[in-house]
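Below is one structure, written out as structure tokens; the observations come after it.
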Amino acid sequence: MIRVLVVDDSGFMRLALRRIIEADGDLKVVGEAANGHLALELAERLQPDVVALDLEMPGLDGLAVTERLMALPAPPAVVMVSHHTREGSEMALAALARGAADYLWKGSALSGLDLGQIDRELRGRLRHWATQRPAGLPPPQPMPPQRLPPQPVPAISTLPPRSREDERFDLLLLGASTGGPDALAALLGAAGALPVPCVVAQHMPAALGPDFARHLAARTGQPVVLGAHGGRLVPGEVLLLPGGTDGHLACAPEGGLTLRLAAGAGLVHPSVDGLFQSAALAARRPVAVVMSGMGQDGAAGVAPLLARGGMVLVQEAASCVVAGMPGAAAAAPRAAGVAAEAAAPAALGRRLARLLSTAPPSGPRG
């Protein structure tokens, strides 16, 4: 049974959410709170698996509550349910940056409150994120695998073993989820100008991509573009994978790398595993960083990258909003020693600047 805490200052919404959440019998509302302070008290006492949290409340608002929940020893997953978290909105991005795993808009294009939309969407999201909680409390059900299903990417070609001139890193990969927006901004800001292409897989809904690309560019000074199917990877450019779909890398016939977008299994996109696994086939020598996030996405891509001769770095747990993804990556096969080199985002950025300073010049590869 998945345990849910409902937080909303409207008594009607608390009643409606309880009925929606408990409709299928596998989710149980174990507590209700009308304000942020009571929400924190109940979260510590009841230890819910996931919190359905409103944004605008008297006293502590949902953003402040989320930040404090993430500081608990075993934080629950947080799904924001609010009129203010419309896809692509600044508040939706702020919620993800504070540690929310997901968000759901209470409204629709036709009405101020759309309970039908909440009924269709909320239970599935609560189930998924309850299974992605970090170590501390056991998940209530097995985690759904986040591996690539058979994908329409037959054009990805493997490369021959590297010669000595190919020993330098030629690609930077970044994977993140909960808490990722701030961590990515700190890393990219500290890394400075990049001599190689950079591809970012940040879990997010489809509509958030353009706003997050602008946000990341403004905070880091990096040229950030939203990836498009068939687009070429450009040295010095940060390519953000669109939300709601998965991105894979392939060798272009004329040399260099291109992006392929394809639908993937699971509720979380873009897949970090899918990005890493394709890069292990297509890039000469990639370096990847697994950053703050709930769950294990990225861990299945570590071994292929290391087998290719690449490098994997992880964000240290102390600086993560949720350390599930970096922890899983450090525990992956072939990853001995990865945990010992974990660091905060800015320190990782400075290290990448040194590692990539000897990157090979861009151009077609034979």
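The first residue of the sequence shown is numbered 1, and numbering continues consecutively from there.
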With L5, the side-chain contact (heavy atoms from CB on, under 4.5 Å) member among D49, L42, V78, V50
L42
Using a 4.5 Å cut-off on heavy atoms from C-beta on, say whether the side chain of [Y] contacts that of [X].
| X | Y | value |
| --- | --- | --- |
| V290 | L313 | no |
| I2 | L126 | no |
| L15 | E32 | no |
| L172 | V199 | no |
| Q47 | V30 | no |
| L171 | L249 | yes |
| L93 | M91 | no |
| V268 | H128 | yes |

Run the side-chain contact (heavy atoms from CB on, under 4.5 Å) check on R127 and D26 step by step: do they pass?
CA-CA 9 Å; R127 289 187 190 103; D26 63 327; 2.5 Å; yes
Which atom pairs, one a donor and one an acceptor, fall under 3.5 Å between side chains of residues 332-353 and the rest of the protein, sequence neighbours left out?
residue : atom : partner : partner atom : Å
E341    : OE1  : R351    : NH1          : 3.0
E341    : OE1  : R351    : NH2          : 3.3

Quick one: does [X]'s side chain have a donor or acceptor within less than 3.5 Å of a partner on [Y]'s backbone?
| X | Y | result |
| --- | --- | --- |
| T66 | A100 | no |
| D246 | S271 | yes |
| Q315 | S319 | yes |
| D54 | S82 | no |
| Q222 | G192 | yes |
| D170 | R284 | yes |

Is there a side-chain contact (heavy atoms from CB on, under 4.5 Å) between V312 and F276 once you walk through the steps?
CA-CA 10 Å; V312 175; F276 285 6; 5.7 Å; no
Looking at [X] and [Y], what are the two nearest heavy atoms and their distance?
| X | Y | value |
| --- | --- | --- |
| F169 | V196 | O-CG1, 3.7 Å |
| L305 | A288 | CD1-CB, 3.6 Å |
| S278 | L275 | OG-O, 2.9 Å |
| G99 | M70 | O-SD, 3.6 Å |
| L241 | P270 | CB-CG, 3.7 Å |
| A43 | L72 | CB-CD1, 4.4 Å |

Just how far is it from atom [atom1] of [X] to atom [atom2] of [Y], taken to the nearest 0.5 Å?
| X | Y | atom1 | atom2 | result |
| --- | --- | --- | --- | --- |
| Q296 | Q132 | CD | CD | 7.5 Å |
| L104 | L53 | CG | CG | 12.5 Å |
| L194 | S357 | CG | OG | 11.5 Å |
| I20 | L27 | CD1 | CG | 12.0 Å |
| W129 | M294 | CH2 | CE | 7.0 Å |
| Y103 | M204 | OH | CE | 9.0 Å |

Exceeds 12 heavy-atom contacts within 6.0 angstrom, atom CD of E22:
yes
If you count heavy atoms of other groups shown closer than 6.0 angstrom to CZ of R19, is the number above 12?
no
Is the shortest side-chain N to carboxylate O distance from D8 to K106 below 4.0 Å?
yes
Could you list the donor-acceptor pairs under 3.5 angstrom formed between side-chain atoms of residues 226-240 and any protein atom two or more places apart in sequence or on another chain?
residue : atom : partner : partner atom : Å
H229    : ND1  : L261    : N            : 2.9
R232    : NH1  : E254    : OE2          : 2.9
R232    : NH2  : G255    : O            : 3.0

In sequence, state the C-alpha distance, the side-chain angles, and the governing distance for L40 and L60, and then conclude on side-chain contact (heavy atoms from CB on, under 4.5 Å).
CA-CA 10 Å; L40 293 172; L60 286 178; 3.6 Å; yes
Indicate every side-chain donor-acceptor pair of residues 176-186 with a distance under 3.5 Å to a residue at least two apart or in another chain.
residue : atom : partner : partner atom : Å
S177    : OG   : H203    : ND1          : 2.8
D182    : OD1  : R219    : NH1          : 2.6

Intermediate values then yes/no, side-chain contact (heavy atoms from CB on, under 4.5 Å), L17 and V29
CA-CA 9 Å; L17 289 173; V29 175; over 6 Å; no
